[in-house]
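Take a look at the structure set out below.
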Amino acid sequence: MDRYRWPRRRTRLPGRQRLRELRRDPRLFGRAVDRVRSAERLGDDSRLIGLLMVRDEDDILDEMLATATRWFDRILVLDGTPAGPARDRTDAILDRTPEVVFRLRDEDLDHPVRDGARQHLLAEARRRFGTGHWIGILHADEFLDQDPRPMLAAHNPGLDPSLRVRLVHTFLHTADRAEWATNAELPVRERLTRCMWPGVPEARFFHDFGDRDYDVMHHGKVIPTSFRNGPLVDGYVITGYNERDPAQLLERARDRAATEWQRGHYSRLDDGLDAAFTDTLDLPDAPFAPEFAGDPEGPFTVQHRNAVPIGPLPETPELVEQATANQTLSFVPGLAALVTAPSRVGALRWAGAVRVDMTGAAALVRHTAWILGSPRTTEAQRRKAAREFVLLLLPALGGGSLLGDRDQVAALRAILAP
């Protein structure tokens, strides 16, 4: 088992293969040291490059891009949607998204499309924008509600050139079946109420120094093939919606059956369309239980979306009045202080003192503390991380009021300010 498999194995010591490379060519060691020393910080206004693969996701693509374009202003797309109405709708969405700067279709390639086909997008990104950028891997059915830039700024790419985050899968739960006829027309993130927590560790960000490429025929790794798994940023969660509608799910199952890919994950649909609704995704041959059963965050459990810290983030006008004094008082003062005066020691003390009764809150606390304690982050980035921290925890804070403590009100309002 490699040292980067589980969340808390954060060591940056080189592996045996890397040590052999350094022995063969000592100059590589000098280049690695130079990278660590010269890595630029990600500024407040920096926008990211996104590599997006799309296939038959026109029903969710518009909503996904509206979220992603808050952080990415250069998105390169590989579209595998077959010709027909779905492609026409996909084209219309991409046409009205100015952040999409390049498009490629499956039929433009002379080889089968695998995860490694992102190499064509990466090569175009290098041609247009050069190297030395953080790059995010985007999927058309996944939402990045937290701004990734404070997280990326807190990591030196010379030490951590690739990062993993939690991918939490939502699904059609049996509790949604009775109301489906009424809720089917709602936006996808309102009609799906359950997810599998704590999520699967997935690589989603890498820093492009220009010397690592994809193998275009390789499948199963979404960052350049030669990258080892980077550390897991346990409190950053991407929410996946690859199961959105019974008919869509059945079509997905047929597609997987035809290609003999992920067939076991959808085998329950052999029992008919009603089997789209299930009590859990922790099923035989599914990617949850077997591979990640030893995850330190615990076994996978079904959670309501409001019981765990995932997006979409709520609006803020009256959020101060929604916060509970007993729980908010434990983290607001220290949180506000770290925004203006970052400190590794102070962040560790703050993280050790915070107590919030919510599944996943501990990982979010550690993630936020890492950003607040980093000398690489700016005040604006720390403020953004603190604001998202409060917003993600709001469902756990319930009712009540802080209006009796003016200092706490002022601190919380300052954190929640846009």
Side-chain angles (χ1 to χ4, degrees), residues 41-46 67 70-71 143-155 165 233-237 306 308-418:
R41 300 184 183 186
L42 191 64
D44 299 336
D45 297 326
S46 301
T67 303
R70 293 179 297 174
W71 330 126
F143 287 84
L144 287 73
D145 290 290
Q146 296 167 262
D147 188 345
R149 292 172 294 184
M151 168 189 70
L152 298 176
H155 286 80
V165 298
V233 183
D234 205 15
Y236 189 95
V237 175
N306 293 335
V308 291
I310 64 174
L313 301 181
E315 299 297 327
T316 61
E318 299 179 354
L319 294 184
V320 174
E321 286 70 26
Q322 296 178 27
T324 306
N326 291 339
Q327 299 199 67
T328 307
L329 287 175
S330 71
F331 64 74
V332 168
L335 190 64
L338 287 168
V339 167
T340 55
S343 163
R344 285 289 188 202
V345 174
L348 288 173
R349 288 175 177 168
W350 171 78
V354 173
R355 297 290 183 271
V356 179
D357 185 18
M358 184 182 193
T359 301
L364 181 60
V365 168
R366 293 192 299 270
H367 165 64
T368 307
W370 176 264
I371 295 172
L372 296 179
S374 172
R376 294 180 57 83
T377 56
T378 66
E379 182 173 339
Q381 289 165 341
R382 293 190 296 274
R383 186 175 302 281
K384 174 64 73 69
R387 182 175 185 269
E388 290 176 346
F389 174 81
V390 174
L391 295 179
L392 287 168
L393 289 184
L394 273 178
L397 299 180
S401 176
L402 282 174
L403 297 182
D405 189 324
R406 293 183 180 179
D407 290 340
Q408 299 305 318
V409 172
L412 192 56
R413 287 194 187 281
I415 290 171
L416 293 177

(message) Nearest 0.5 angstrom please: M358 CE to N306 CG, how far?
(response) 8.0 Å
(request) Could you tell me whether the side chain of L364 reaches within less than 4.5 Å of the side chain of V356, counting heavy atoms only? (result) no
(request) With the side chain counted from C-beta on, respond yes when I371 and E388 share a heavy-atom pair under 4.5 Å apart, and no when they do not. (result) no
(request) State, yes or no, whether a side-chain contact exists between W370 and M151 at a heavy-atom distance under 4.5 Å. (result) no
(request) Give me the ring orientation class for F389 and W350: parallel if the planes are under 30° apart, tilted from 30 to 60°, perpendicular past 60°. (result) perpendicular
(message) Show the nearest heavy-atom pair for residues A369 and A347, with the distance to one decimal.
(response) O-CB, 3.3 Å
(request) Using a 4.5 Å cut-off on heavy atoms from C-beta on, say whether the side chain of R70 contacts that of D147. (result) no
(message) Measuring from atom OG1 of T378 to atom CZ of R149, what distance do you get when rounded to the nearest 0.5 angstrom?
(response) 10.0 Å
(message) F143: which residues meet the ring-ring contact (aromatic ring centres under 6.0 Å, His included) condition with it, sequence neighbours left out?
(response) Y241
(request) Please list, chain by chain and in numerical order, all residues satisfying salt bridge (Lys or Arg N to Asp or Glu O under 4.0 Å) with R382, sequence neighbours excluded. (result) none
(message) I need the minimum non-hydrogen distance between V339 and A386, along with the two atoms involved.
(response) CG2-CB, 3.8 Å
(request) Using a 4.5 Å cut-off on heavy atoms from C-beta on, say whether the side chain of V165 contacts that of L144. (result) no
(message) Is the shortest side-chain heavy-atom distance between T67 and D145 below 4.5 Å?
(response) yes
(message) I need the T377 OG1 to H155 NE2 distance, nearest 0.5 Å.
(response) 11.5 Å
(request) State, with a plain yes or no, whether a side-chain heavy atom of P150 is found less than 4.5 Å away from one of R383. (result) no
(message) Can a donor-acceptor pair be found, under 3.5 Å and without considering hydrogens, that links the side chain of Y236 to the backbone of H367?
(response) no
(request) Could you walk me through whether V237 and L392 pass the side-chain contact (heavy atoms from CB on, under 4.5 Å) test, one step at a time? (result) CA-CA 11 Å; V237 175; L392 287 168; over 6 Å; no
(request) Of all the heavy-atom pairs spanning P342 and L372, show the shortest one and how long it is. (result) CB-O, 3.2 Å
